[in-house]
Amino acid sequence: LAMVRKARAEQRPYAVAFIDMRMPPGWDGIETTAQIWAQDPEIQVVICTAYSDYSWTQTLAELGRSDRLVILKKPFDIIEVLQLANALSEKWRLARQSRAIVQSLEHRVDERTRELRLAGEQLRTSEAQYRLLFDGNPHPMWVLDTSMRRFLAVNKAAVDHYGYSVQQFRAMTMRDIDVAGGQGAQLRRHRRRDGSIIDVEILAERVIFDGQPAELVLAHDVTARKHVEDALQRMNRVYAVLSQINL
């Protein structure tokens, strides 16, 4: 526990802890795990035991169901331990990497949301200011009519990122590029002109454009983030298989 605290204080946290179930006369493995998780809830724990001190049901009752816990029965082979250490360390690393990317992207989405709202407000009051915010924005933006979902206007970033010309966009509707939805109402999959599929987060603001109801839309490409999340999910599936092996 002291080592975990020290590592956290030095911002060099541990990825995995192997803990013996029986450690007389002090805490057993269950209490030690609970104490460690109170200090560092992200650490992966492998409880090593040769006895039936706790059933799996009792263990879950004491510690709660978690994907950070593995039971390793003795006697075990050194290769088995090394495989667990490597798999759990990689899972821990990917989880931290994913959280860092998500936090960074969430910050950027907040910034883009503020930009979008400002652009929407300016669109209602100033055509010249709208053009500055819309055409100069580094992220793909477009204006859609609310009935047929036709493209009424697109900025340069949309043309560059999706590969369609302004004329091609104006001849299409959202159905021509929208492939499917993802998790959450704002996450969509779009097809670019070269056929590649990207994951995007959609932010929309209702506006009046050329005297008619419309939507001002910002498309934020999150394909890189999705690749990290998918890799983490694959590691979780590997971890689940390892957990079942050690039940």
Side-chain angles (χ1 to χ4, degrees), residues 1-111 183-184 187 201 222 224-247:
L1 183 59
M3 292 170 65
V4 169
R5 286 173 176 161
K6 183 173 183 294
R8 291 272 288 183
E10 295 174 350
Q11 297 185 350
R12 298 177 58 194
Y14 289 106
V16 184
F18 284 79
I19 299 173
D20 206 338
M21 180 63 83
R22 291 190 174 189
M23 296 181 289
W27 296 333
D28 63 8
I30 298 295
E31 180 63 22
T32 303
T33 300
Q35 293 287 340
I36 286 178
W37 275 349
Q39 298 296 319
D40 185 352
E42 297 176 4
I43 195 167
Q44 312 287 308
V45 172
V46 181
I47 295 182
C48 309
T49 179
Y51 306 97
S52 301
D53 303 80
Y54 292 88
S55 68
W56 181 243
T57 300
Q58 290 173 314
T59 301
L60 294 181
E62 293 287 336
L63 297 176
R65 185 172 295 277
S66 173
D67 65 355
R68 294 163 294 134
L69 178 66
V70 174
I71 302 297
L72 182 61
K73 292 295 184 69
K74 299 177 183 178
F76 44 75
D77 186 81
I78 187 62
I79 299 300
E80 186 179 19
V81 174
L82 289 173
Q83 287 177 329
L84 267 178
N86 288 334
L88 294 178
S89 295
E90 180 67 6
K91 175 178 176 288
W92 177 87
R93 186 189 67 80
L94 285 174
R96 286 171 62 88
Q97 183 184 61
S98 178
R99 281 192 296 271
I101 290 175
V102 169
Q103 289 172 357
S104 174
L105 291 176
E106 286 176 347
H107 177 69
R108 290 167 60 187
V109 167
D110 288 341
E111 291 180 344
Q183 295 177 349
L187 187 61
E201 282 181 338
V222 295
R225 186 188 80 186
K226 289 291 294 177
H227 286 168
V228 172
E229 292 174 347
D230 291 343
L232 182 59
Q233 289 176 359
R234 288 194 295 271
M235 285 300 303
N236 282 335
R237 287 195 292 269
V238 171
Y239 171 81
V241 172
L242 290 173
S243 297
Q244 291 298 320
I245 292 172
N246 287 281
L247 286 182

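Worth saying up front: this structure is predicted, and the values here are computed from it rather than measured.
- Between the side chains of Glu31 and Gln35, at least one donor N or O lies within less than 3.5 Å of an accepting N or O.
- With rounding to the nearest 0.5 angstrom, the CD atom of Glu90 is 11.5 Å from the CD atom of Gln44.
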Before you tell me yes or no, could you show the steps for Phe18 and Val81 under side chain to side chain contact (heavy atoms under 4.5 Å, CB included), namely the whole-Å CA-CA distance, both residues' side-chain angles and the distance that decides it to 0.1 Å? CA-CA 9 Å; Phe18 284 79; Val81 174; 3.8 Å; yes

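- One distance of note links OG1 of Thr32 with CD1 of Ile36; it measures 6.5 Å at 0.5 Å rounding.
- Across all non-hydrogen atoms, the minimal contact from Ile43 to Ala17 is CD1-CB, 3.9 Å.
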Working for side chain to side chain contact (heavy atoms under 4.5 Å, CB included), residues Arg93 and Arg96: CA-CA 5 Å; Arg93 186 189 67 80; Arg96 286 171 62 88; 6.0 Å; no

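- Comment: Arg108 does not engage Glu111 in a salt bridge, judged by the lack of any side-chain N to carboxylate O separation of less than 4.0 angstrom.
- Around the NZ atom of Lys74, the shell of radius 6.0 Å holds more than 12 heavy atoms that belong to other residues, nucleotides or ligands.
- Between atom CZ of residue Arg99 and atom CG of residue Leu94 there is a gap of 10.5 Å, rounded to the nearest 0.5 Å.
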Checking side chain to side chain contact (heavy atoms under 4.5 Å, CB included) for the pair Asp28/Arg22: CA distance, chi angles, key distance, verdict? CA-CA 5 Å; Asp28 63 8; Arg22 291 190 174 189; over 6 Å; no

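- Counting only distance, with no hydrogens or angles, the side chain of Thr33 and the backbone of Gly29 share a donor-acceptor pair below 3.5 Å.
- Of all non-hydrogen atoms in Met3 and Tyr14, the two that sit nearest each other are CE-OH, 3.3 Å.
- The closest donor-acceptor contact from the side chain of Arg5 to the backbone of Gln39 lies at 3.5 Å or more, if one exists at all.
- Taken from CG in Leu72 to CG in Asp20, the straight-line distance is 10.5 Å, to the nearest 0.5 Å.
- Scanning all heavy atoms of the two residues, the minimum distance from Trp92 to Glu42 falls at CD1-O, 3.4 Å.
- At a threshold of 4.5 Å between non-hydrogen side-chain atoms, the residues Trp27 and Leu1 count as touching.
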Could you go step by step and tell me if Leu63 and Ile30 meet the side chain to side chain contact (heavy atoms under 4.5 Å, CB included) rule? CA-CA 7 Å; Leu63 297 176; Ile30 298 295; 4.0 Å; yes

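- To the nearest 0.5 Å, the span separating CD on Glu80 from CG on Leu84 amounts to 6.0 Å.
- Residues Leu69 and Ile47 are in side-chain contact: their nearest non-hydrogen atoms beyond the backbone lie under 4.5 Å apart.
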